[in-house]
K.L.:
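My structure is below; once you've seen it, I'll send some questions.
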Number of protein chains: 2
Amino acid sequence: MKATASSAAPSAAPNGSDGTGEKRTINAELWHACAGPLVSLPPVGSLVVYFPQGHSEQVAASMQKDIDVHVPNYPNLPSKLICLLHNVTLHADSETDEVYAQMTLQPVSTYDKEALQLSELALRQTRPPMEFFCKTLTASDTSTHGGFSVPRRAAEKIFPPLDYSMQPPAQELQARDLHDNTWTFRHIYRGQPKRHLLTTGWSLFVSGKRLIAGDSVLFIRDEKQQLLLGIRRANRQPTNISSSVLSSDSMHIGVLAAAAHAAANHSPFTVFYNPRASPSEFVVPFAKYQKAVYGNQISLGMRFRMLFETEESGTRRYMGTITGVSDLDPVRWKNSQWRNLQVGWDESAAGERRNRVSIWEIEPVAAPFFICPPPFFRTKRPRLPGMPGTCVLRFQRPNTYASYEVIIVTINSKPVIYSVDMKLVSFHLLIKLHTYLCSSSYYCGKACGLI
Amino acid sequence: MKATASSAAPSAAPNGSDGTGEKRTINAELWHACAGPLVSLPPVGSLVVYFPQGHSEQVAASMQKDIDVHVPNYPNLPSKLICLLHNVTLHADSETDEVYAQMTLQPVSTYDKEALQLSELALRQTRPPMEFFCKTLTASDTSTHGGFSVPRRAAEKIFPPLDYSMQPPAQELQARDLHDNTWTFRHIYRGQPKRHLLTTGWSLFVSGKRLIAGDSVLFIRDEKQQLLLGIRRANRQPTNISSSVLSSDSMHIGVLAAAAHAAANHSPFTVFYNPRASPSEFVVPFAKYQKAVYGNQISLGMRFRMLFETEESGTRRYMGTITGVSDLDPVRWKNSQWRNLQVGWDESAAGERRNRVSIWEIEPVAAPFFICPPPFFRTKRPRLPGMPGTCVLRFQRPNTYASYEVIIVTINSKPVIYSVDMKLVSFHLLIKLHTYLCSSSYYCGKACGLI
DNA sequence: GTGTAGGCTGCGAGCCGACAA
DNA sequence: TTGTCGGCTCGCAGCCTACAC
């Protein structure tokens, strides 16, 4: 979709005519901003591990459809392929602006030191924190009634400074999107109380990108002080509801057959990685994989942290416990390491976190207090009324008024205590707490204690 | 895309929430009207021939990309599979209204009489001609400046009759689209000279369906006298420029691997047939295939007719000559019958007709006059100036003023004469004409002769 | 600090016949 | 018969502040 003729219409050369991609290379910074803080792509030339199972999962997520029984097994296709990453190109769907990466992989049986070192580089590389802000659009932002209310900090950090001697202070902003189209906005500082607004041009952007309340828009400033802007749609329906080109069965078969053929011939093949379509990356730096698999002793009850993306495009670590190790798909993918760890999360309120992860996604933490002997959870433990499996207690120190949250999990009818933040709760405090709880009868419900 | 709240917004239950398809069955009449007059789907339970090569072609057309060298051969996959057609469901893309059909096929090695007879039925079945009209939208039709100018005949044939005693005569029309959304239009008969117009509601339809000049809209009246309307987009860029889910290689491999797996196991598989994406149907009634292959003796120089769709959704037969028989893809598909006939067309002006067809697409006509000995055309014959390869002559009979067109093709430096319409030009007339032309020197340019 | 609503205004969507092909 | 244009008008897109949380 091209914006229709108007002041905000793309001034750059339109470039949607050719087939697969864009002639210009996509701005990598903007691409990563849209992809989110957790996404990092392995360097070209490095060694990676490709998981066809994860790839299949992404297809299923995009098609909103599980793998069908008709999809055959590929007994000769291993659950993971060590590959050389020949090429990575960044793309954005011309209709939806959805970001994705195209990777060319080649299965290898031997590899040189350089490729291995490059994949280690991927672990150390941390992108410099860029100047950007991300805001989830409100009903007012997307209505035709008005413009876009810019959070104060965001405007001051990202936008060029206004001349506050003007009445009212205002300027014209130009920002380029992923397709290198330029959008023009009037940036004005007005109202009572004063606030930053984008007015003229904003509604064209909203309708052009078909944004609705709940979607996010993000602005970044590149090294040349130029504004770039991207969008991130809320998790509404998948963009490709049904492809009308290929049945989902054929798609799944295509993924598997392409990988199997490449593996058998050591020939290159191409995959699309769509970071926002599926929860897990299925092309993992080899060093990251190796370090996780050989560095971590997985045991039931092991505590770990894992990075998640926050509302506002930041990151946050959540804590969890390994509750089981088993095949995600025992029929098709026996002994696969793809999401073979069953986990429970400390904060159940946050809700929709996955109950299965792969070992390279987590950071084990040495449990400072209590490690349960296996078997840890019975898989289907009936919830006894009045005795929740998990509850959160808030304790307060009398002198400092600092408060600490601990998690009480009922295991084998015994309470086990986990701290939410290891840094704040001292070992002695936990011991005391443990003693206190063990001496008391079973505890349930919300409560505050004093230690 | 749902129309936003307004008088023309869908009054029917919205039904785009589930994944693959529509809960309601699509109106078959409307689907066929949108698919075009040439498309007919084989009956469920009948025997069909599936051509993976043609399927692959459709994928390539949808992806705007040719088959890559990376796509492996499937030496065990024959170029055609005899299949039982288990299921056919009609669909329309919720974004674009593009029509497509989902078919479940099962390769068979033996088949019963019933399935064979059913596939013969497909040949005899002629859909009853439905009441419909199709108009290609003009710039005025799609501009925001006004409404839709309804061709007089169309309005009188399809729309409910107006009360011409009103000043001006006007009524409200309601029409349902493929997704069962209802669109409301004001139909008025006014202007000087008087004409039929759709005004209020029309622009919402245009913007809702994102129609542009060159696209077509069609109205049909069903058996309950209710209006249905569909759209047909002009041949602009393919809707799925690049899928962002699967690489085109994987798609091709998926098609082939799915067919190969099904063929090996005699298990069912699913294909999407998108009649407007690719020029040829790749699922053919078995009887049609058999009749063509065993009924027609193909020889170079053979004359044939073939049905094409006209601008206004009618059909027209064009005449052509078989100029060669060879594999379309000698590497991947040796000895395949898929579009293995090279052809030339009598009317080169119409231009974009394919130069390769399959035998079941054509109707051989007994050449009443002249059959050229092979080799017929030299493949790259230079056009001699002043001596066109093809020219059209119009002859007129003195007594009736009836005129006949004949085609003169220069072959091996000799003129060969074809009649455009076999019914009108008698054999004797052609003989006379032939003699006339042979006795004269070479003929070129436009001319009228008298016989 | 920021989301939403009410008020006001000007532009363009949309209805009309004129006119020409 | 029907495509396009100029003219006219009214609805709503879009800019503003007030106010609430």
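Each chain gets a letter, A, B and so on, in the order the sequences are listed, and its residues count up from 1. Just so you know, these numbers use all the heavy atoms, side chains as well, and skip hydrogens, waters and symmetry mates. Quick caveat, the model's predicted, so the values are computed rather than measured.
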K.L.:
Between A:Lys209 and A:Asp215, does at least one N-O distance fall below 4.0 Å, as a salt bridge requires?
P.N.:
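So A:Lys209 does not pair with A:Asp215 through a salt bridge.
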K.L.:
Does C:dC16 have OP1 or OP2 under 4.0 Å away from a side-chain N or O of B:Arg190?
P.N.:
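So the side-chain polar atoms of B:Arg190 do come within 4.0 Å of the phosphate oxygens OP1 or OP2 of C:dC16, strictly under.
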K.L.:
Please confirm whether the backbone N or O of B:Lys157 pairs with a side-chain atom of B:Arg221, one donor and one acceptor, at under 3.5 Å?
P.N.:
yes
K.L.:
B:Pro193 or B:Ile188: which one's nearest nucleotide on DNA chain C is closer to the 5' end?
P.N.:
B:Ile188
K.L.:
Which nucleotide, D:dG7, C:dA18, C:dG1, lies nearest any side-chain atom of B:Gln192?
P.N.:
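For B:Gln192, the side-chain atoms sit closest to C:dA18.
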K.L.:
Atom CG of B:Asp141 to atom C1' of D:dG3: distance rounded to whole Å?
P.N.:
8 Å
K.L.:
Check whether any side-chain N or O of B:Ser149 sits under 4.0 Å from OP1 or OP2 of D:dG3, and answer yes or no.
P.N.:
yes
K.L.:
Please state how far atom CZ in A:Phe148 lies from atom P in D:dC16, giving the value in whole angstrom units.
P.N.:
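Answer to the nearest Å: 17 Å.
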K.L.:
Hey, could you give me the OG1/CZ distance between A:Thr142 and A:Phe148, rounded to the nearest 0.5 Å?
P.N.:
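Reported to 0.5 Å precision, the distance equals 10.5 Å.
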K.L.:
It should be established whether A:Thr138 places a side-chain nitrogen or oxygen under 4.0 Å from OP1 or OP2 of nucleotide C:dT4.
P.N.:
yes
K.L.:
What is the distance, rounded to the nearest whole Å, between atom NE2 of A:His187 and atom C1' of D:dC15?
P.N.:
15 Å
K.L.:
In whole Å, I'd like the distance from the CD atom of A:Gln167 to the C1' atom of D:dT17.
P.N.:
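From A:Gln167 CD to D:dT17 C1': 15 Å.
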K.L.:
Below 4.0 angstrom from OP1 or OP2 of D:dG3, is there any side-chain N or O of B:Lys135?
P.N.:
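True: B:Lys135 side-chain N/O within range (under 4.0 Å) of D:dG3 OP1/OP2.
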K.L.:
Using heavy-atom distances to pick each residue's nearest nucleotide on DNA chain C, tell me which of B:Arg195 and B:Leu198 is more 5'.
P.N.:
B:Leu198
K.L.:
When you measure only distances, ignoring hydrogens and angles, does the side chain of A:His145 come within 3.5 Å of the base of C:dG7 through a donor and an acceptor?
P.N.:
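For A:His145, whose side chain was compared with the base of C:dG7, there is a donor-acceptor pair (under 3.5 Å).
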K.L.:
Identify which one of A:Ile188, A:Asp163, A:Leu162 satisfies the side-chain contact (heavy atoms from CB on, under 4.5 Å) criterion when paired with A:Gln171.
P.N.:
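Of the listed residues A:Ile188, A:Asp163, A:Leu162, the side-chain contact (heavy atoms from CB on, under 4.5 Å) partner of A:Gln171 is A:Leu162.
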K.L.:
Has A:Thr144 got a side-chain N or O lying under 4.0 Å from the OP1 or OP2 atom of D:dG14?
P.N.:
no
K.L.:
Using only side-chain N and O atoms of A:Ser140, determine if any of them is under 4.0 Å from OP1 or OP2 of C:dG3.
P.N.:
no
K.L.:
Mind calculating the distance between CG (A:Leu197) and P (D:dC15) to the nearest angstrom?
P.N.:
10 Å
K.L.:
Any non-hydrogen side-chain atom of B:Phe205 less than 4.5 Å from a side-chain atom of B:Leu198?
P.N.:
no
K.L.:
Within the pair A:Ser203 and D:dG14, is there a side-chain N or O less than 4.0 Å away from OP1 or OP2?
P.N.:
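It does, given that an N or O in the side chain of A:Ser203 lies less than 4.0 Å from OP1 or OP2 of D:dG14.
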